[in-house]
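See structure below.
Computation of the quantities below employed the complete heavy-atom set of this structure, encompassing side-chain atoms and omitting hydrogens, waters and symmetry-equivalent molecules.
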Amino acid sequence: MKPEPTPQPLTPGVVRFYSFLPSADRFRDDVLAGLALPQKSIPPKYFYDEQGCRLFEAICELPEYYLTRTETAILRGNIADIAQFVGPDAELIEYGSGVQAKTRILINALQTRLYVPIDIAADTLQASSNDLAGRFPWLNVVGICADYTRALALPELVGVPIRRKAAFFPGSTVGNFTPEEALQFLKNVRRSVGKGGVLLIGVDLKKNKSVLDAAYDDPKGVTAKFNLNLLERINRELGGDFQTTRFRHKAFYDPLRGRVEMHIESVFSQKVRVAGQRFDFHAGETIHTEISCKYSISEFQELGKRAGFSPEKVWTDPEQLFCIHGMVAA
Ligand code: AVI
């Protein structure tokens with residue numbers, strides 16, 4: 001066996017990147033397999049090509065999409081308490097690195113010296129890593145381009161004294177997993193931070209259906225564009241011939257399952273070709289593209305406990321729309 005290369009010490013201001021990206025074929029295989037299912041479905045991680053990342057940023061600015069601004073306000077309003085909870089000299093590992101305002105608040109308050117963002121979108125990851133390294137001259141940044149929905153062994157990093165690892169998973173992205181997937185993800189995070197490590201995780205709370213329906217089906221149609229961009233991506237990258245005007249965005253909150261479901265609905269009966277294969281749609285048939293699970297505070301604490309965390313803190317907003325959990329790896 002070849003010996004592992006000796007890890008090189010990090011240098012502040014010099015961003016280091018590692019790529020563990022799945023091959024382009026995985027997108028093709030997942031789309032072809034998903035379109036062949038009785039309930040057609042495509043995993044939501046494929047929303048985030050360059051155009052998808054831009055559209056998601058536009059969603060975060062919408063008045064109906066309260067999640068981003070509420071979480072940012074919770075973070076800002078409780079930052080001293082959050083920094084005390086995390087403690088000094090923590091390595092900050094962020095899952096997803098799209099919207100940076102929250103990260104900047106945290107790095108500033110924690111005076112973080114080692115920041116490890118993990119994201120599947122290589123361009124966004126590079127842009128945000130370089131931007132942060134420029135803003136915080138003392139910061140060592142190690143960007144990991146990877147699909148964090150799968151278990152991941154992080155590279156060994158040397159040269160920065162660290163007392164504990166802190167994982168940050170904002171935006172209620174955990175809601176895009178089924179509860180079983182969320183449990184598996186939390187177990188992986190538990191392993192990555194090690195005993196005594198901490199997790200700060202933003203989770204959207206259960207609430208009135210009308211608020212959630214509007215948040216995922218906005219009147220300007222930005223969320224519709226975000227959803228339908230998936231078909232355009234398939235056309236661009238996999239030689240698909242979807243006519244996007246013959247499909248429509250559909251999103252609704254299912255209170256019984258406690259989750260928003262997003263679908264792309266075929267308006268007509270039609271045939272589509274992707275990567276040389278034919279798929280038939282009948283009018284009204286859908287491709288299921290996303291779930292966004294909502295949790296009560298106690299439901300999510302229960303999930304955290306099952307993954308090996310001890311739930312210690314919860315910060316929320318006055319209207320109880322959203323919350324950030326602080327958990328310690330037991
Ligand atoms: C990234 N994720 C947490 C968003 C959500 O709210 O589930 C994705 C999204 N889908 C539609 N709007 C936003």
Side-chain angles (χ1 to χ4, degrees), residues 9-17 53 56-57 60-61 66-119 121 123-145 148 154 157-174 189 192-193 196-204 312-318 321-329:
L10 297 163
T11 317
V14 179
V15 182
R16 189 178 291 176
F17 288 105
C53 289
F56 181 61
E57 280 181 28
C60 293
E61 302 288 320
Y66 59 87
L67 287 81
T68 312
R69 64 170 180 279
T70 309
E71 185 180 41
T72 307
I74 295 170
L75 204 56
R76 231 180 230 126
N78 297 280
I79 194 63
D81 196 27
I82 291 173
Q84 197 181 25
F85 170 73
V86 174
D89 299 329
E91 169 181 340
L92 186 64
I93 304 167
E94 179 170 1
Y95 294 87
S97 63
V99 184
Q100 283 186 63
K102 297 173 229 177
T103 314
R104 291 201 296 264
I105 297 170
L106 209 50
I107 290 177
N108 206 19
L110 297 173
Q111 293 287 293
T112 308
R113 291 183 58 202
L114 179 52
Y115 171 59
V116 182
I118 307 172
D119 204 306
D123 295 343
T124 312
L125 177 74
Q126 293 203 355
S128 60
S129 299
N130 290 329
D131 180 84
L132 285 169
R135 281 173 194 269
F136 300 103
W138 67 85
L139 187 65
N140 295 277
V141 184
V142 180
I144 314 270
C145 196
Y148 58 72
L154 296 176
L157 304 171
V158 297
V160 185
I162 285 305
R163 278 200 226 179
R164 70 190 338 194
K165 293 188 179 188
F168 181 42
F169 193 35
S172 199
T173 304
V174 70
V189 173
S192 293
V193 296
V198 301
L199 169 64
L200 292 175
I201 185 163
V203 181
D204 197 16
E312 301 210 341
K313 289 273 191 179
V314 188
W315 299 275
T316 186
D317 57 289
L321 293 171
F322 198 94
C323 69
I324 300 176
H325 289 268
M327 301 189 175
V328 178

- Task: Evaluate the side-chain contact (heavy atoms from CB on, under 4.5 Å) criterion for residues Cys145 and Phe17: first the C-alpha distance (whole Å), next the side-chain angles of each, then the deciding distance (0.1 Å), finally the verdict.
- Result: CA-CA 7 Å; Cys145 196; Phe17 288 105; over 6 Å; no
Considering only heavy atoms from C-beta outward, does the side chain of [X] approach that of [Y] to under 4.5 Å?
| X | Y | result |
| --- | --- | --- |
| Tyr66 | Asp204 | yes |
| Leu199 | Val193 | no |
| Glu71 | Ile324 | yes |
| Phe168 | Leu75 | yes |
| Leu106 | Leu200 | yes |

- Let me know which of Lys313, Arg164, Met327, Lys165 forms a side-chain contact (heavy atoms from CB on, under 4.5 Å) with Val198. Arg164
- Query: Looking only at heavy atoms, which two atoms of Tyr148 and Gly96 are closest? And how far apart?
  - Reply: CE2-N, 3.4 Å
- Should Leu321 and Thr316 be marked as a side-chain contact (heavy atoms from CB on, under 4.5 Å) after you check the CA-CA gap, both sets of side-chain angles, and the distance that decides it? CA-CA 8 Å; Leu321 293 171; Thr316 186; over 6 Å; no
- Query: Would you say the side-chain atoms of Glu312 pair up with the backbone N or O of Gly326, donor to acceptor, closer than 3.5 Å?
  - Reply: no
Could you list the donor-acceptor pairs under 3.5 angstrom formed by side chains in residues 133-142, with sequence neighbours left out?
unit_1: Arg135; atom_1: NE; unit_2: Asp131; atom_2: OD2; d: 2.8
unit_1: Trp138; atom_1: NE1; unit_2: Thr112; atom_2: O; d: 2.7
unit_1: Asn140; atom_1: OD1; unit_2: Thr11; atom_2: N; d: 3.4
unit_1: Asn140; atom_1: ND2; unit_2: Arg113; atom_2: O; d: 2.9

- Item | Residues in ring-ring contact (aromatic ring centres under 6.0 Å, His included) contact with Phe85, at least two apart in sequence or another chain | Trp315
